Amino acid sequence: MELKGNDSGTLPPCLGRRHGSSPSVIVIGGGISGVAAARFLQNAYFKVLLLESRDRLGGRIHTDTSFGCPVDLGASWLHGVCNENPLAPLIRRLGLTLYRTSGDDSVLYDHDLESCMLFDMDGHQVPHNTVAEVGDVFKKILDETEKVRNENSNDISVLQAISIVLDRHPELRQEGVSHEEQVLTGGHGLMVQGYHPVIEALSKDIDIRLNHRPNELGFPIGPVISGKRIIYDEENELQENGSGSAEWNHAALQNQIDLKAFSNKPIHLGPRRSTIFPIQRSAPAQVKAITDGYNKVMVTVEDGRNFVADAAIITVPIGVLKANLIEFKPKLPDWKLSAIADLGVGNENKIALRFDTVFWPNVELLGIVAPTSYACGYFLNLHKATGHQVLVYMAAGRLAYDVEKLSDREAADFVMRQLKKMFPDAPEPVQYLVSRWGTDPDSLGCYSYDLVGKPTDIYDKLRAPLGNLFFGGEAVCMDDHQGSVHGAYSAGIIAAEDCCQHLIKRLGSVQLVSSREEILKSIVPLKISRM
């Protein structure tokens, strides 16, 4: 699957397919959407190669263990702890534990007010009955906001809707806004062991190349490995000049699929064995272009290496697409460019602090109430959920971008000033971690969101394939689950399914058999608790 040599910058002539070979797909992006797509296709006995620009898998999932315990600097929650969540079967099978932080009716989305301790700017604790009253007011505001939404045929912002509500009902006036999202039932569960085990399980035995940013997709000039032509043997393995040194082996994993050749003759899949691909790393290379050919795609990284396949699935974050860091050849159609431009990108960062001792109360959430977001502080208490002496400060919106302008030490100092408003004698942390999702060139933001006044078919256009190119990622998720891990996972599966059907139609036919995940749905319950 790896090619070298095409330095001319021109597309070579179309090549035919060796009879009996299996369809091949390159997945660009190693977040959960890309890894899920690769897993689906590998289980379907497709040849899969995953290219990831970072030196790790996970994308905006990043479980750091430098504290001696798992700390998720990106996604942390399973939103919707229920059987309908597409990640539930895998989480059950892995035996992962969740800590419930809220139920279905939480005002704060993934936290319940009952386990919050809030302080004012002078360091005085806000009485819990006051917190409960504020929660009731918020619920009333949200109910009235729903009425405003039903009254208006045109798009309006959440801020505009709440402003209308407060003008009508001055008795509900409070500083701040909130909004409802369509979420799965079951409340919200924090991943106690972090999300890394999920990524690790999905990526097992997949051919993965880290530090690879795609440069160009186009026609292949003929399979070559290290200047030698690749030969497919009758076991459907890639070899260097038939020497028996296999670069690629079809892993026979959990799904059983009867592949047939493009002339309805059987494809030789070889013995059902799993091949372990060592994850390969190289020096980072910048994205230059993506070119879609007639019946092949080719990915060229900056150092000149090329990767060829029948199709490609692009799961890079929407922030990367919006920044035009990848040049598409031919250019993306206007309707696709408009969809990319019409979607918003939000930002949130975490500053995690590890302490020698626990000096804070045994509640899930600690925070400061203040007139502006810059004066507010919001700390997640991991000690209550996981037993580790860690507090995680959450910074969103403009504050998240401003935190990224600080050094790690300055960011930790800023957070400690917030913490000492609540606990003046708080000791200094022994370690700290700072995320920078907004300026990270491989993410350029955390999650997608709807902009006011934009078309309602944005997500359909983002998801729509172009030739042999298919699109995944959290931004293209169906059913209004954008910005969630299970949404990104589902988007990867859908892109893989679409790609699979496209190649079946173009190259041949397969007969799908239900996966083991379907069988496991009703066997083991999700492990979730609350202390």
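What's counted below: heavy atoms across the whole structure, side chains too, no hydrogens, waters or symmetry copies. Because the structure is predicted, anything quoted here is derived from the model rather than measured.
Judged purely by atom type and a 3.5 angstrom limit, Arg39 has no side-chain atom pairing as donor or acceptor with the backbone of Ile493. In this structure a side-chain-to-backbone donor-acceptor pair under 3.5 Å is missing from Arg60 to Trp437. At least one donor-acceptor pair under 3.5 Å links the side chain of Asp72 to the backbone N or O of Tyr195. Panel note: side chain Asn347, backbone Gly438; a donor-acceptor pair is recorded below 3.5 Å. Between the side chain of Ser24 and the main chain of Asp310, a donor-acceptor pair closer than 3.5 Å is present. In this structure, the side chain of Glu348 does not engage the main chain of Met394 through any donor-acceptor pair within 3.5 Å. Distance alone, capped at 3.5 Å, is enough to place a donor-acceptor pair between the Lys322 side chain and the Ala341 backbone. A donor-acceptor pair under 3.5 Å is formed between the side chain of Lys47 and the backbone N or O of Ser22. Checked by atom type and distance alone, the side chain of Ser435 pairs as donor or acceptor with a backbone atom of Lys350 at under 3.5 Å.
A 4.5 Å side-chain heavy-atom check between Val485 and Trp77 finds every atom pair outside the cut-off. No side-chain heavy atom of Leu96 sits less than 4.5 Å from a side-chain heavy atom of Val192. Side-chain contact between Val316 and Ile28: present, with at least one pair of heavy atoms (C-beta onward) separated by less than 4.5 Å. Ile91 has its side chain out of reach of Asn85: every pair of non-hydrogen atoms, C-beta onward, lies at least 4.5 Å apart. Between Val392 and Leu433 there is no side-chain heavy-atom pair separated by less than 4.5 Å. Contact check for Tyr489 versus Val198: no side-chain heavy atoms found under the 4.5 Å cut-off. A heavy-atom distance below 4.5 Å is not found between the side chains of Val27 and Phe40. Side-chain contact between Cys500 and Phe46 is present, with heavy atoms from C-beta onward closer than 4.5 Å.
No more than 12 heavy atoms of other residues, nucleotides or ligands shown are found within 6.0 angstrom of CG on Asp334.
Closest approach of His79 to Ser484, counting heavy atoms only: CD2-CB, 4.5 Å. The two residues Ser33 and Gly472 make their nearest non-hydrogen contact at OG-C, 3.8 Å. Annotation for Val35 and Ser203: closest pair CG1-N, 3.7 Å, computed over non-hydrogen atoms. In this structure, Phe67 and Ala352 approach most closely via the heavy-atom pair CZ-O, 3.6 Å. Across all non-hydrogen atoms, the minimal contact from Thr63 to Pro70 is CG2-CB, 3.7 Å. The minimum heavy-atom distance between Cys499 and Ile313, with the atom names listed, is CB-CD1, 4.1 Å.
Side-chain polar atoms of Glu404 and Asn349 form a donor-acceptor pair below 3.5 angstrom. Residues Ser448 and Glu474 have side chains that bring a donor and an acceptor to within less than 3.5 angstrom of each other.
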Derivation of the side-chain contact (heavy atoms from CB on, under 4.5 Å) call for Leu321 and Leu332: CA-CA 11 Å; Leu321 293 178; Leu332 296 178; 5.8 Å; no

Evaluation steps, side-chain contact (heavy atoms from CB on, under 4.5 Å), between Asp442 and Val320: CA-CA 7 Å; Asp442 295 316; Val320 173; 5.7 Å; no

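Asp498 has no carboxylate O lying under 4.0 Å from a charged side-chain N of Arg463, or vice versa, which leaves the two without a salt bridge.
The CD atom of Glu52 sits 9.5 Å away from the CD1 atom of Ile208 when rounded to the nearest 0.5 Å. A distance of 13.0 Å separates CD1 of Ile318 from OG of Ser443, quoted to the nearest 0.5 Å. The CD1 atom of Ile26 sits 11.0 Å away from atom CG of Asn468, with the distance rounded to the nearest 0.5 Å. The CG atom of Leu50 sits 6.5 Å away from the CD1 atom of Ile206 when rounded to the nearest 0.5 Å. The CG atom of Leu90 sits 5.0 Å away from atom CG of Leu202, with the distance rounded to the nearest 0.5 Å. Note that CG of Leu210 is 11.0 Å distant from CZ of Arg54, once rounded to the nearest 0.5 Å.
Cation-pi contact between Lys336 and Phe471: present, with separation from the ring centre below 6.0 Å and deviation from the ring axis of at most 45°.
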